[in-house]
Amino acid sequence: MDLQLALIFLQQGIASGLVSGSVYALLALAIVIIFKTSDVPNFAQGEVFMAAGYVALYLFVFQQMPIWIVLPATLLAAFLAMALFRRVVLDQVAKSAKDLVYLVIATLGLSYVLKGLVRRTGFGDTPRSFPALVPTDSVMIGQASVTLLDLAIFGTAVAVMAAFFWMFNYTKTGRAMRAVGMNPKAAQLVGVDLRRCHMLIWGLSGVISAIAALLISPKILMTADMGSIVMLAFAAAIVGGFSSLPGAIVGGFIIGIVENMVGLFISSRAIVLAPFLAILIVLVLRPQGLFGGKLTIKKV
Amino acid sequence: MSSSPLASVAPGKRALTGPAIAGLAVVALVAMALPAFTTGYVIYIANLLLVFVVLCLGLHIVIGETGQFSMAHAAFYGIGIYASALANRAVDLPYPFAMLFGALVAGVVGLFIGALALRMRDIYLALATFAFGEAMQWVFANWDSVTNGPNGLRISPARFGPLEILSDKQAYPFVLFFCLLMIGVTVAISRSRLGRSFRAVRESEVAAMAMGIDVRRTRVVAFGLSAAIAGFAGGMFGLFQTFIHPDSLGFQTTILVLTMVVVGGLGSIAGAIGGAIVFGLISEVLRQAPQYQEIIYGAILILFMMYAPRGLFAFIGDRIREARHGR
């Protein structure tokens, strides 16, 4: 491969990587805020993302509803579903079993239920595409070709992340969530309603997943299995350090770029393997991730 | 038969009661007499359930006894299937040796994963093993020259000396025998010094270390043994199956086995065996309603975690006890 081509590939890889990476970053953010406050890796995050995509598809394409109803309705549905799952299911699981394994298995159960429900409706059987709300004309940035849709995806994702950080750092609710993440008992002592806070966080993570779904759906084929994209988000979260919010975002962009580079420079068949290798390599070399800080030793 | 070791799984717990012995005897008789009065499909399912029992025993060693979350057991199982089938076909190794070879290869890979896993716990371990499982499935599907890739691999019939196994019925006694053998092996491991150190590590690594247990070694050995047993289950699969496809060795299978162990009750051998049989039958019945399969599957996982986290048998036991005490 000559240098000229390699440079074009490099630019294209970074541009495309930033676009898909922004979606992985959103999903990773959704996973990490839950993990930080509940210590549960939510294995159903991909299916929440998938189901939200189908809710939007159903309302927009099959019910012909205007988009200004579809968007809030989808976000609300995702919020309620996740908040209720936390309140109804996980509170009960946490009450009857102490071990982490049980909570994880409950989220695996949720992922199966959601996937089954979408398949049951019949919508998940045929691959579909969500119509793009932004024109897909391409523009050149440097030597990389991206579409207006790509720019809209990237811009929206970054705006959502910024809004989220503002909420986390400057609002009372956001601070309460951070307090719960650091020390639930102490947070409770200073007047944080733990149960409400957990519901809010799970609901919020549902909203972020739904946004990710709305952004990426026009670019991919929607199937009931599209939730498997969450693997890239898990990889992003691990690269970033799993309990670090900025880490999740940086990790998302890294995974997006690596994935595109692997596709361009190595082979498109190897793309599927990239996230797993990334996870394994990071966990072996630096288990705490890039932003994970020092490893702490667990006391008895 | 398996009856006596089965019951005294948790050391120091109550002895076998009369009804339990009777129940186990009935199960044993039915299991042995099965081929006499049933036909192909039932025998096939019985074979499959016995394989899943062994696979669950493997997962039990690592999750139930040692408390290490592994989500890679479909991969170890797959390694066992491919390794034993290829040894059988390529070198014409007598089948028992091919099975041992499969278990050995899976066990070595398990030791390697265990060594990597030393640096991680809980969620990180779950994710790393999950990633390994997915990567292995990719290898099965893409290493064309060895696994025949996405077309799947034909498994040659197993041979024991002059006897060639060509049907499920012929395979059944062997599958049953190997299953009982592995139950015996697992019980022996569980009761040995090693098994006690597994449980010590599960309860508290720090306390285990204080008692002089080599925690690192124990964790690696647990992974290796568990993977070897899962690999052996893969060899058993090759006794009656003639074909393996990489699609059937992914996350779905890992979740299936995990569900079985959970439904039976994490931490007990009897639970792992019972869960494999009960949930194996449930998932077989659900095949009739594929549209609802995933929903019911997921609902079972969620409901068990909510209301019966100690498993089906403990749940039933508790209800019976409550009824007896008139509550």
Side-chain angles (χ1 to χ4, degrees), chain A residues 35 39-41 43-44 47 85 88-93 95-120 122 224 228 231 234-235 237-238 242 269-270 272-273 275-280 282-284 287-289 295 297-300, chain B residues 63 67 69 71 113 115-139 141-142 202 204-207 209-210 251-252 254-255 258-259 261-262 266-267 290-310:
Chain A
F35 183 73
D39 281 337
V40 186
F43 276 98
E47 275 66 33
F85 179 72
V88 176
V89 176
L90 288 190
D91 281 357
Q92 171 67 33
V93 177
K95 209 163 56 180
S96 55
K98 290 282 165 273
D99 212 339
L100 167 89
V101 178
Y102 297 91
L103 291 168
V104 173
I105 294 172
T107 69
L108 288 169
L110 175 65
S111 81
Y112 266 78
V113 168
L114 287 176
K115 213 190 261 191
L117 282 175
V118 168
R119 269 202 243 277
R120 179 72 197 88
S228 60
M231 265 325 294
F234 270 115
I238 288 177
F242 223 87
R269 242 170 76 162
V272 198
L273 200 56
F276 310 122
L277 287 181
I279 291 179
L280 285 173
V282 172
L283 283 178
V284 170
Q288 74 273 38
L295 272 181
I297 293 165
K298 202 178 160 192
K299 310 244 165 58
V300 185
Chain B
I63 292 193
F69 207 150
M71 289 171 68
I113 294 297
L116 288 184
L118 281 179
R119 303 187 55 178
M120 304 158 211
R121 27 195 119 286
D122 301 341
I123 153 74
Y124 297 97
L125 185 57
L127 287 167
T129 50
F130 173 60
F132 169 74
E134 295 293 297
M136 267 323 290
Q137 198 196 8
W138 188 88
V139 171
N142 285 279
R202 176 186 71 191
S204 163
E205 290 194 6
V206 181
M209 227 179 286
F251 192 50
Q252 294 258 344
T254 296
I255 293 303
L258 184 64
T259 313
V261 175
V262 164
L266 273 177
Q291 284 187 312
Y292 295 97
Q293 197 178 358
E294 281 174 316
I295 304 176
I296 297 174
Y297 233 74
I300 287 178
L301 279 179
I302 292 177
L303 290 174
F304 261 92
M305 292 301 96
M306 287 172 77
Y307 300 110
R310 284 167 55 228

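Chain A is the first sequence line, chain B the second, and so forth, proteins listed ahead of strands; every chain is numbered from 1.
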*Non-hydrogen atoms of chain B under 4.5 Å away: do they reach the side chain of A:V40, the backbone, both or neither?*
neither

*In Å and rounded to the nearest 0.5 Å, what is the CD to CZ distance from B:Q293 to A:R119?*
10.0 Å

*Taking C-beta and beyond as the side chain, do B:Y297 and A:V113 meet within less than 4.5 Å on heavy atoms?*
no

*Take B:V139 and A:L273 through the side-chain contact (heavy atoms from CB on, under 4.5 Å) test and state the conclusion after the steps.*
CA-CA 9 Å; B:V139 171; A:L273 200 56; 5.8 Å; no

*chain A contact via B:M71 - which portion, at a heavy-atom distance below 4.5 Å*: side chain

*Which heavy atom of A:A106 sits nearest a heavy atom of B:M305, and at what distance?*
N-CG, 3.8 Å

*asked:* I'd like to know which of B:F132, B:Y292, B:F251 tops the heavy-atom pair count under 4.5 Å against chain A.
replied: B:Y292

*What distance do A:K95 atom NZ and B:Y307 atom OH have between them, rounded to the nearest 0.5 Å?*
8.5 Å

*In terms of heavy-atom proximity below 4.5 Å to chain B, should A:L117 be classed as side chain, backbone, both, or neither?*
both

*Taking all atoms of both residues into account, what is the closest heavy-atom pair of B:M306 and A:Q92, and its distance?*
O-NE2, 3.1 Å

*Pick from B:I300, B:L258, B:N142 with the largest number of heavy-atom pairs that fall under 4.5 Å of chain A*: B:N142

*For A:I238, is it the side chain, the backbone, both or neither that has a heavy atom under 4.5 Å from a heavy atom of chain B?*
side chain

*Heavy-atom pair count under 4.5 Å with chain B, highest-scoring of A:A278, A:P275, A:P41, A:S111*: A:P41

*Against chain B, label A:F234 side chain, backbone, both or neither, depending on which of its atoms sit under 4.5 Å from a heavy atom there.*
side chain

*Is chain A contacted by the side chain of B:F304, its backbone, both, or neither, given a heavy-atom distance below 4.5 Å?*
neither

*Of B:T259, B:V261, B:V262, B:I302, which is the lone residue that meets side chain to side chain contact (heavy atoms under 4.5 Å, CB included) with A:I105?*
B:V262

*In Å, rounded to the nearest 0.5 Å, how long is the span from OH of A:Y112 to CD1 of B:I255?*
5.5 Å

_Please classify the contact of B:L127 with chain A as side chain, backbone, both or neither, using a heavy-atom distance under 4.5 Å._
both

*Straight-line distance of B:E134 CD to A:I279 CD1, nearest 0.5 Å*: 9.0 Å

